[in-house]
Every structure is written in C-alpha cells, then in structure tokens.
Amino acid sequence: MPANNSSQSTLRHLTRLYRLMTAGEKGFRTVAEGVRNRGLKVLLKNYAHKRKQFAQALLAQIKELGGNKPRESIIGMIHRGRIAIKTALVVGPQSREKTVLGEALFGEKIALRAYKYSLNQDMPAPITHLLEEQYDHIQATRQNLARLYGKGDKQTVVRLLDTPANEVAIVDALEAEGFSPNKIETEDFSHALNLYQGAAPATTIKETVLAGVIGGLIFGSATATLAGVALTLLINIATTTIAALILAGTTLGLILGLILGFFIGLGISEEDEYLSDDSRQHGHTLIRLHTTPQRASQAAKTMYEINAMAKAQTQ
C-alpha cells in the first residue's frame, strides 16, 4: 500500500539521519585510526559503536515505513579519505589529536542540526522519542569532545593504562604535580575494548586513494593554471603552451595524489590494527583528568611516561 504524504516526509527525514549516523560511525572510526593515544582511540571507537546502533535503530524504522536501506554517499568516502590524509600529514601527536577532534566536533555539529530540524517536524510519537534519545546522546558526546579538544577553559586528558599498578602510580604522580584528586577519574574499561575487534578499517586504501587523486587533480591543475597566467603576463607565451602546462600539472598532481593516498591508507590500517590489538591485550583502566588547556600537555606527558615505563619493565 503506498505511503501517505506524512509517512513519506518521515521517511525522508529518517533516511537523512540514517546516512548521517552511518557516516558518523565510519567518521569516528576514521579519526580514531589517526591517533596513537590508545585511551582516545578506544573512546572514539566506542562513539562509533554507538552511531552504528543509532543507524540500526533508524533503519528498522525506515523498513517499517516501507523504505529500503539507503546507499552510502561517495562524498562520505572522499571526506573520510581527506581526513585520513590530513591527519597523517600533521606533525606531532597533540597536533594530530587536535585535528581529529576538530573534525569529530564538526561532524557532531552537523548531526545535531539535522536532528533538531527533524524533531521540529510532525512525526509519530515512537519515532520522535527515538530521535530525542539519540539527539541527547549526540549532544553529550559533543560536549565530551569539546572537553577533549580543550575548548574554553576546560580540557580532559585521557590515557589507557595497562595494569592497576599503573593507575596508582599515575594518580600519585598527578597529585604530586598539583592536580586535584577530585578531577581524576578512573574506570575499568576492559569491557569496552572488544567492540570493534575484527571490524574492517573504517578508512580503506580505496578512500585515501580517491581523496588523494581528487586533491592532486585540484592542486595540480590550480598550480599549473596560476603558473601559466604568471608566464603569460611575464613573457606572453602561447595559449597552446599554457594548455600543455595545465595538462602536465594536472597529470602530475593526479599521480602524486594517488601515490600519497595509497601509502597513507596502507600505513594507517597497519598502525591502527597494531595499536587496537595492543589495547585489547594489555588495556585495563581508562583514566581521565579534568584540567585546563594550559596544564593538559604536562598531564599527558606524565601519564604517558609512567605507563610506558611500567610497560617496558614487564616486557
């Protein structure tokens, strides 16, 4: 039986939100692959797991209304590849974390805007209730991401510890450095480390190659065009020479983008697999310290050094 106009409108909103949650799942996994901090990595992958659950709930409603599973957008694939390449080219672990968290925050902003718009529409009560629950969770996630990023005067530092002894040593060290014990939280996180065990990497080599090729085409053609314009002004070269220059620049950009995308995609997959496996084997406690952006680097260094030293002694 054909759906009425109200059902069709609801279906369109659900389809859009489903695509956003599917993109959110892979997006969180993509940014998780870009960081070496195992604590941040498992948090981001848990957010990805939640987005997957949201997408499944939305898909169930779509099918109940007679709709089909929406196709994945190629724009999302290019975007994930771009994030992966951008992250890989950033120097320094903290700068890389800032980059990926900034991308995650932007994605959550888009999702919240879409949910808010859909919640203002007339929909069946069960669907409205589902969207409200998901909206609240996304809003809380964005607040957590903002604290991890260090927006304003608050920042949360996280680290995945390997043993209970590490937890005691790090808490003592942080308190000795003047961090308030009331701002330190520890949580047994071993239950959450297998959520994505065995899952394929979110960012595939195909995606980084695709993003690299498109980026290379744009950069190569733009650079060659500007060079051609400059040469025309200086020495008045022929139009055919400019065309040949643009073609050569575009081709070179394509080749370099393809090579860059391939090796970055390969490296990301291997590094993430290694760190994720290490987290599952050795990860035990997630520690959070709520501090200020000015003292976050000091706390992160203390956590890392004590955990790395303890780990080295056990090997």
Side-chain angles (χ1 to χ4, degrees), residues 28-29 31-48 87-88 90-102 104 141 143-197 267-268 270-315:
F28 270 120
R29 289 174 58 200
V31 295
E33 289 168 355
V35 296
R36 292 189 57 83
N37 181 337
R38 296 178 308 155
L40 183 56
K41 185 182 288 287
V42 296
L43 276 180
L44 292 170
K45 287 195 174 186
N46 273 273
Y47 290 148
T87 303
V90 172
V91 178
Q94 292 185 344
S95 296
R96 181 178 286 192
E97 288 179 16
K98 285 281 189 181
T99 299
V100 301
L101 288 170
T141 299
Q143 291 171 351
N144 291 337
L145 289 170
R147 286 192 289 268
L148 288 166
Y149 183 89
K151 281 187 174 291
D153 59 351
K154 297 178 181 179
Q155 184 163 355
T156 300
V157 182
V158 297
R159 180 68 58 180
L160 184 66
L161 310 182
D162 294 332
T163 67
N166 293 13
E167 176 186 337
V168 174
I170 286 178
V171 170
D172 288 346
L174 290 174
E175 290 184 14
E177 291 178 357
F179 292 101
S180 170
N182 297 327
K183 300 295 183 179
I184 303 172
E185 299 175 0
T186 58
E187 176 186 357
D188 181 356
F189 219 66
S190 55
H191 66 284
L193 296 177
N194 291 319
L195 290 178
Y196 270 89
Q197 187 171 6
I268 287 173
E270 290 178 346
E271 182 181 60
D272 181 67
E273 183 179 354
Y274 169 77
L275 290 172
S276 295
D277 185 61
D278 184 65
S279 298
R280 286 189 288 268
Q281 290 185 29
H282 305 292
H284 181 274
T285 302
L286 187 74
I287 184 168
R288 293 181 178 89
L289 170 68
H290 304 290
T291 182
T292 63
Q294 292 74 23
R295 302 199 68 193
S297 295
Q298 177 189 352
K301 182 180 178 182
T302 298
M303 291 181 183
Y304 172 78
E305 289 178 348
I306 293 177
N307 199 48
M309 187 182 303
K311 188 173 183 180
Q313 291 173 351
T314 59
Q315 292 178 342

- Query: Does any N or O in the side chain of Arg38 come within less than 3.5 Å of the main-chain N or O of Leu160, such that one atom is a donor and the other an acceptor?
  - Reply: yes

- Short side-chain to backbone donor-acceptor contact, Lys154 and Thr291, under 3.5 Å: no

To the nearest 0.5 Å, what is the distance between [atom1] ([X]) and [atom2] ([Y])?
X      : Y      : atom1 : atom2 : result
Leu145 : Tyr47  : CG    : OH    : 5.5 Å
Arg36  : Lys41  : CZ    : NZ    : 8.5 Å
Glu175 : Asp172 : CD    : CG    : 6.0 Å

Using every non-hydrogen atom in the two residues, find where [X] and [Y] come nearest and quote the distance to one decimal.
X      : Y      : answer
Leu148 : Gln155 : O-NE2, 3.5 Å
Glu167 : Leu161 : CA-CD1, 3.5 Å
Arg295 : Glu177 : NH2-O, 2.8 Å
Phe28  : Leu44  : CB-O, 3.5 Å
Pro293 : Gly150 : CG-O, 3.6 Å

- Test Leu40 against Leu101 for side chain to side chain contact (heavy atoms under 4.5 Å, CB included), laying out the working first. CA-CA 10 Å; Leu40 183 56; Leu101 288 170; 4.1 Å; yes

- Query: Taking C-beta and beyond as the side chain, do Leu174 and Lys183 meet within less than 4.5 Å on heavy atoms?
  - Reply: no

- State, with a plain yes or no, whether a side-chain heavy atom of Arg288 is found less than 4.5 Å away from one of Leu286. yes

- Evaluate side chain to side chain contact (heavy atoms under 4.5 Å, CB included) for Met303 paired with Leu289, printing each intermediate quantity in order. CA-CA 10 Å; Met303 291 181 183; Leu289 170 68; 3.6 Å; yes

- Query: side chain to side chain contact (heavy atoms under 4.5 Å, CB included) between Val171 and Ile287: does it pass, once the steps are laid out?
  - Reply: CA-CA 9 Å; Val171 170; Ile287 184 168; 4.1 Å; yes

- For Phe179 and Thr302, run side chain to side chain contact (heavy atoms under 4.5 Å, CB included): C-alpha distance rounded to whole Å, both residues' side-chain angles, the deciding distance at 0.1 Å, then the answer. CA-CA 11 Å; Phe179 292 101; Thr302 298; 5.8 Å; no

- Message: More than 12 heavy atoms of other residues, nucleotides or ligands under 6.0 Å from NZ of Lys98: yes or no?
- Response: yes

